[in-house]
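See structure below.
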Amino acid sequence: MKESKVQDYLCENFNTFHKKITNIEEYNNEIKMQKKEIFDCMSSIKISDLVKLILVDKVSYSTRNIEHYKLIDSEFPLLNTGSKSGKQPSVDILAYNKESLNLALIELKISKGTEREAITELSAYNLGLQNRFQGLSNLQVIWIPISTEWRVTPRSAIEYSMLWNNIQALPLHLDFTVKDEKIQNLKLKIINPIKDVKEEDYRNLFSYECFDTFEYFTRSEVKNKDGFINYITTIFNRQNINGFVIFHNTYRGVPYPHGFTLCIYNPYKGHLHRKMLKEALQQYKELQFDDVIKMGGFVNTDYYDIDFKTDELRFYELTEADLDEGSLKMDAYWEKDFLSVGDFIDPGDDANIGYVIHNLMKAIDSSKENKRAFGTPHFETLFKGFEAKQISSVSYLGIYHDLMTKKIQIEHKRKIHLKDFFSCLTSFVYLKDTFSSFN
C-alpha cells in the first residue's frame, strides 16, 4: 500500500481521527500507574524518574482536546527551496485545534526503516511554520509522527526532541489491513515514550565530570540585583544553554566582590560519560550501579575516547615505546590518529563563555565602566568548596529547570520534606545535596 493512499484515507476521515486512536484510556491509565510508582517508591530518586515525568507531561499535553482537531490541508508547503521547478517540501497533514488553536504537524511513514525520517522532517517543518508565524511558541505546535514501526532510533529522536528542545509530541503507531486495495481497520496507538528510559543514559546530567564553569565578578555592585539576575538568566536561556547560575553574596575585602558563577552542562563530556558508563557496567557486572558510579573517571580521555566520525569507543593500546621494563613511562602519551569527541570538550575559545562576556560587558558598562575579573575554574573543586553563606540564590537554565522541578514534586509526594517549593528551587544547599546524591 502506497503511503499516499494512507494519507488520503486519513484526510478523508479526519473528523474521526481521534476515534482511531484506540488506546487513549489505556495509555492514560498506564501513565497514571507509572507516575504512581515513581511517587510511591521508597528507594532513592533516580534521574530517569525525573526524565519520565517530563516526557509523560508532554505527551499528555498533546492529547488535550484531541477530539477538536480539524484538517487544514494535506501536502501543506512550509519550506521554500527557492526553486521554481519541482515540488516544495510539504508536511503530510496540517491540522488545527478548534479549542486551543494549536497547530498539528502530522508526518506519516509506512515504509520499512523510514520512521526516523518523520522526526527529521517534522523538525524542518516546525522551523518553516515558526518562520512564517514568527514568535510562535513550542506550546502552540504539536508534532504527530505516525509510523508502522517504532524502533530504538526514532524513539530516541522523539524523546530527545521533547526533552531537550521542549517539543510537545504525540507519537502514534499505525496498523491497518488492506482488502480489495482498500484500507480497513485502521488503528492508531499512542507510543509510551518512557518505556526505553534508562538511568545510565541520564546519570551524566548531574555528574561533576560533565560541567564547565565560568566566574564573573565586578568591582562595583550592580544597583538593581533583581534586574541583573533576570538579565543573566534570560540571555542564557535564549541561547539554549543548559545548567544553572549561582549568584553570590558580596565578598568583603576583595577587589571584585560582586558576581556569579555559571555552570554549563558540556554535551561532549556528557556523551563520553554515557558511553563509558555503559562500558563500565558491562565490565563490572558484579557491582551495584551506584558502586560503578562512584568509580568515576568516565570523562578521562587519556586512555579511552570516542571516534567523532564513527561514534565508537577507542582505547589506548600500549606500544613498546610507552613501556619501561613492563611499566608505563611517566611521559607516555596517546597520540590519537583520529578526530575524537575528547577534542571538543575543552575549547580554547568557548562560544558560550564568549557570548556571555560580550553581552555582559555591553549591559553592565552601558552607562559607566565597571571593572571586572573572570575565570574558568574546575567545576567539582569549586562547587564542593562553596559554603551556603557565600551564595544568595540559584537559577536554573534549560532542561535543569524541568529536572529540579520534578525532583521537588517527587519529594513532596513522598513526604520526604514539605519545604517551600520556590525556596528549594533557589537554594544552593538543595542543589549541592542533589549533586551529592547522584555522585
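Just so you know, these numbers come straight off a predicted model, no measurement behind them.
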Counting only heavy atoms from other residues, nucleotides and ligands, does the tally under 6.0 Å from [atom1] of [X] exceed 12?
| X | atom1 | result |
| --- | --- | --- |
| H401 | NE2 | no |
| Y284 | OH | no |
| K20 | NZ | yes |

Side chain to side chain contact (heavy atoms under 4.5 Å, CB included) partners of [X], counting only residues at least two apart:
| X | answer |
| --- | --- |
| N240 | none |
| I24 | I21, N28, I66, I190 |
| E30 | Q34, N192, K195 |
| T381 | H378 |

Is there a side-chain contact between [X] and [Y], using heavy atoms and a 4.5 Å cut-off?
| X | Y | result |
| --- | --- | --- |
| V56 | K35 | yes |
| V141 | I167 | no |
| C210 | F379 | no |
| I110 | S147 | no |
| I144 | L105 | no |
| T405 | F421 | yes |
| L186 | L188 | yes |
| I264 | N242 | no |

- Message: Is it true that E75 and Q7 share a donor-acceptor pair across their side chains at a distance under 3.5 Å?
- Response: yes
- Query: Does the side chain of H271 pick up a donor-acceptor pair with the side chain of N204 at under 3.5 Å?
  - Reply: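 No - no donor-acceptor pair under 3.5 Å links their side chains.
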- Query: Do we get R372 above Y256's six-membered ring, with its NZ or CZ under 6.0 Å from the centre and within 45° of the axis?
  - Reply: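 Not satisfied by the 6.0 Å and 45° rule.
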In residues 285-302, what donor-acceptor pairs under 3.5 Å come from side-chain atoms, sequence neighbours left out?
from, atom 1, to, atom 2, distance (Å)
D290, OD1, R203, NH2, 3.4
N300, OD1, D302, N, 3.0

Tell me whether the rings of [X] and [Y] are parallel (<30°), tilted (30 to 60°) or perpendicular (>60°).
| X | Y | answer |
| --- | --- | --- |
| Y303 | Y316 | parallel |
| F211 | F244 | tilted |
| Y251 | H248 | tilted |

Run the salt bridge (charged side-chain N to carboxylate O under 4.0 Å, His left out) test against [X] and tell me which residues pass, sequence neighbours left out.
| X | result |
| --- | --- |
| K389 | E387 |
| K336 | D305 |
| K269 | D212 |
| K278 | D201 |

Please tabulate, one pair per line, all N/O donor-acceptor pairs under 3.5 Å involving side-chain atoms of residues 422-436, not counting sequence neighbours.
from, atom 1, to, atom 2, distance (Å)
S423, OG, D420, OD2, 3.0
T426, OG1, F422, O, 3.0
T426, OG1, S423, O, 3.4
S427, OG, V429, N, 3.3
S427, OG, Y430, N, 3.1
Y430, OH, K407, NZ, 3.3
Y430, OH, E411, OE1, 2.6
Y430, OH, E411, OE2, 3.3
K432, NZ, K384, O, 2.9
K432, NZ, F386, O, 2.6
T434, OG1, K407, NZ, 3.3
T434, OG1, Y430, O, 2.9

May I have the list of side-chain donor-acceptor pairs in residues 37-47 shorter than 3.5 Å, sequence neighbours left out?
from, atom 1, to, atom 2, distance (Å)
D40, OD2, K36, NZ, 2.6

- Side chain of E215, backbone of F374: donor and acceptor closer than 3.5 Å?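 Looks like no, no N/O pair under 3.5 Å.
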- Message: So does H412 get a backbone contact from the side chain of K419, meaning a donor-acceptor N/O pair under 3.5 Å?
- Response: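 No.
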Could you pull out all donor-acceptor pairs under 3.5 Å where a side-chain atom in residues 349-360 meets a protein atom, sequence neighbours excluded?
from, atom 1, to, atom 2, distance (Å)
D350, OD1, N352, N, 2.9
D350, OD1, I353, N, 3.0
Y355, OH, Q239, NE2, 3.1
N359, ND2, Y355, O, 2.9

